[in-house]
Amino acid sequence: MEIADVRKRLLETIDRAKRRAAERRSRTDEAGRAYDRFLDQTAVPLFHQIANALRAEGHLFNVFTPSGSVRLMSDRHAEDFVEILLATHGSALQIVGHVSRSRGRRVDESERALGEPAALTEAELLDFVLKALEPFVER
């Protein structure tokens, strides 16, 4: 094979890789902006409402907003929480629900993809959180 052909194909490969990387960065930035809006306008206020309702029922939970996520955490055990965050790995940028529950010395954790930041509704988020809270409030 001639060096000119090899070089030409190599340059095409480099160009294609750069275009894909730029497109991925653009999608990630757009999803990040949509996720920030979702956190500010939907998730954080909803988590505060749930925490207040839980407190009224005698279940002590607080809301924390570490960078890029919102967490509803039990006052009794720091390992007991429901959290949402943006998963940026892979091709699909999704909001992920993360649940951690302590049982003695063991900590059970699970994650579930909830949807894209621009498409996830407040009702869908509420359904996820209420389902995740069932083991915490049954005690």
Side-chain angles (χ1 to χ4, degrees):
M1 188 169 254
E2 292 196 31
I3 189 69
D5 292 336
V6 172
R7 187 168 187 274
K8 179 182 173 187
R9 290 184 62 189
L10 175 63
L11 291 175
E12 289 170 354
T13 300
I14 292 170
D15 186 49
R16 188 173 46 250
K18 286 181 180 182
R19 277 195 313 271
R20 279 195 205 132
E23 290 169 1
R24 186 176 54 250
R25 280 191 299 273
S26 176
R27 282 193 317 270
T28 301
D29 291 345
E30 184 179 323
R33 286 189 297 275
Y35 179 67
D36 288 343
R37 280 191 306 275
F38 177 79
L39 276 180
D40 292 341
Q41 297 172 3
T42 305
V44 171
L46 180 63
F47 272 52
H48 280 292
Q49 289 175 342
I50 294 169
N52 290 337
L54 284 166
R55 282 191 176 281
E57 296 300 320
H59 300 282
L60 303 178
F61 280 79
N62 281 314
V63 176
F64 296 93
T65 54
S67 178
S69 68
V70 59
R71 180 181 285 194
L72 182 66
M73 185 185 309
S74 169
D75 280 357
R76 293 184 183 192
H77 303 285
E79 297 87 11
D80 291 345
F81 63 84
V82 178
E83 167 181 57
I84 63 163
L85 46 101
L86 182 64
T88 57
H89 55 278
S91 61
L93 301 167
Q94 301 253 339
I95 294 177
V96 174
H98 179 213
V99 180
S100 174
R101 180 172 178 231
S102 64
R103 304 186 100 196
R105 293 183 185 184
R106 191 178 79 211
V107 176
D108 295 328
E109 295 189 56
S110 64
E111 285 188 352
R112 187 177 122 209
L114 301 177
E116 294 181 12
L120 187 63
T121 66
E122 186 176 42
E124 292 169 331
L125 179 60
L126 178 61
D127 289 344
F128 165 75
V129 174
L130 294 179
K131 182 72 173 163
L133 284 173
E134 284 180 8
F136 299 117
V137 297
E138 71 183 5
R139 301 179 197 177

### Message
With a 4.0 Å cut-off on N to O distance, would you call Asp15 and Arg19 a salt bridge?
### Response
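Here Asp15 pairs with Arg19 in a salt bridge, since their nearest N and O are under 4.0 Å apart.
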
### Message
Restricting to non-hydrogen atoms, name the atom on Lys131 and the atom on Pro135 that form the minimum distance, rounded to 0.1 Å.
### Response
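So the minimum-distance heavy-atom pair works out to O-CD, 3.9 Å.
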
### Message
Taking atom CD as the centre, does Glu30 end up with more than 12 heavy-atom neighbours from other residues, nucleotides or ligands that are less than 6.0 angstrom away?
### Response
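Result for CD/Glu30: open.
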
### Message
Let me confirm one number: the OG1-CZ distance from Thr65 to Arg71, rounded to the nearest 0.5 Å.
### Response
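Those atoms lie 11.0 Å apart.
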
### Message
Between Ser26 and Ala22 (side chain of the first, backbone of the second, donor and acceptor by atom type, cut-off under 3.5 Å), is there such a pair?
### Response
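Here the side-chain-to-backbone pair does not exist.
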
### Query
In Å, rounded to the nearest 0.5 Å, how long is the span from CD of Glu109 to CZ of Phe81?
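So the gap between those two atoms works out to 5.5 Å.
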
### Query
Would Leu39 end up clustered with Leu46 when hydrophobic side chains under 4.5 Å apart are linked, directly or stepwise?
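Yes, same cluster.
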
#### Entry: Least distance between heavy atoms, Val82 atom then Phe47 atom
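Taking Val82 first and Phe47 second, the nearest heavy atoms are O-CE2, 3.6 Å.
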
#### Entry: Residue from Ser74, Ser100, Ser102 passing side-chain hydrogen bond (donor to acceptor under 3.5 Å, both in side chains) with Asp80
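Only one option passes, and that is Ser102.
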
### Query
Would you call Leu72 and Leu133 a side-chain contact if the rule is heavy atoms closer than 4.5 Å?
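Counting from C-beta outward, Leu72 and Leu133 do come under 4.5 Å.
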
### Task
State the CZ-OG1 distance between Arg16 and Thr13, to the nearest 0.5 angstrom.
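Nearest 0.5 Å value for the CZ-OG1 distance: 4.5 Å.
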
### Task
Calculate, to the nearest 0.5 Å, the distance between atoms CG and CD belonging to Asp36 and Gln41 respectively.
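Rounded to the nearest 0.5 Å, the CG-CD separation comes to 10.5 Å.
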
### Message
With a 4.5 Å cut-off on side-chain heavy atoms, are Glu124 and Leu114 touching?
### Response
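Contact flag for Leu114/Glu124 side chains = no.
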
### Nearest non-hydrogen partners of Met1 and Asp5, listed with the distance
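Looking at all heavy atoms of both residues, the closest pair is CG-CB, 4.3 Å.
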
### Query
Going from CG on Leu125 to CD on Glu122, what distance comes out if it is rounded to the nearest 0.5 angstrom?
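The CD atom of Glu122 is 7.5 Å from CG of Leu125, to the nearest 0.5 Å.
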
### Task
Could you tell me which residues satisfy side-chain hydrogen bond (donor to acceptor under 3.5 Å, both in side chains) with Arg7, sequence neighbours excluded, listed by chain and number?
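Listed in chain order: nothing, the list is empty.
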
### Query
Does atom CZ of Arg55 have more than 12 heavy-atom neighbours, drawn from other residues, nucleotides or ligands, at distances under 6.0 Å?
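Correct, the count exceeds 12.
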
### Message
Show the nearest heavy-atom pair for residues Phe136 and His59, with the distance to one decimal.
### Response
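Heavy atoms of Phe136 and His59 come nearest at O-ND1, 4.4 Å.
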
### Message
Using 0.5 Å steps for rounding, measure from the CZ atom of Arg9 to the CD1 atom of Ile14.
### Response
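Answer rounded to 0.5 Å: 13.0 Å.
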
### Task
Flag the pair Phe64 / Glu83 as yes when at least one side-chain heavy-atom distance between them is below 4.5 Å, and no otherwise.
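The answer is no; the side chains never approach within 4.5 Å.
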
### Message
Is there a path of hydrophobic side-chain contacts, each under 4.5 Å between heavy atoms of I/L/V/M/F/W/Y residues, joining Val129 to Leu86?
### Response
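In one cluster: yes.
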
### Over all atoms of both residues, closest heavy-atom pair of Val63 and Ala51
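For Val63 and Ala51, the tightest heavy-atom pair comes out as CG2-CB, 3.7 Å.
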
#### Entry: Same apolar cluster: Leu130 and Ile84, side chain cutoff 4.5 Å
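In one cluster with Leu130: Ile84, yes.
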
### Message
Could you tell me if the side chain of Val99 sits less than 4.5 Å from the side chain of Phe128, heavy atoms only?
### Response
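Yes - at least one pair of side-chain heavy atoms lies under 4.5 Å apart.
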
### Leu93 to Ala31 - nearest heavy-atom pair and separation
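Smallest interatomic distance, heavy atoms only, reads CD1-CB, 3.4 Å.
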
### Task
Check the hydrophobic clustering (I, L, V, M, F, W, Y; side-chain heavy atoms under 4.5 Å; chains of links allowed) and say if Leu85 and Leu120 are grouped together.
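In one cluster with Leu85: Leu120, yes.
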
### Task
May I have the step-by-step check of side-chain contact (heavy atoms from CB on, under 4.5 Å) for Ile50 and Leu126, ending in yes or no?
CA-CA 9 Å; Ile50 294 169; Leu126 178 61; 3.9 Å; yes

### Message
For Glu12, I'd like to know if atom CD has over 12 heavy atoms of other residues, nucleotides or ligands within 6.0 Å.
### Response
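Atom CD in Glu12 is crowded, with more than 12 foreign heavy atoms closer than 6.0 Å.
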
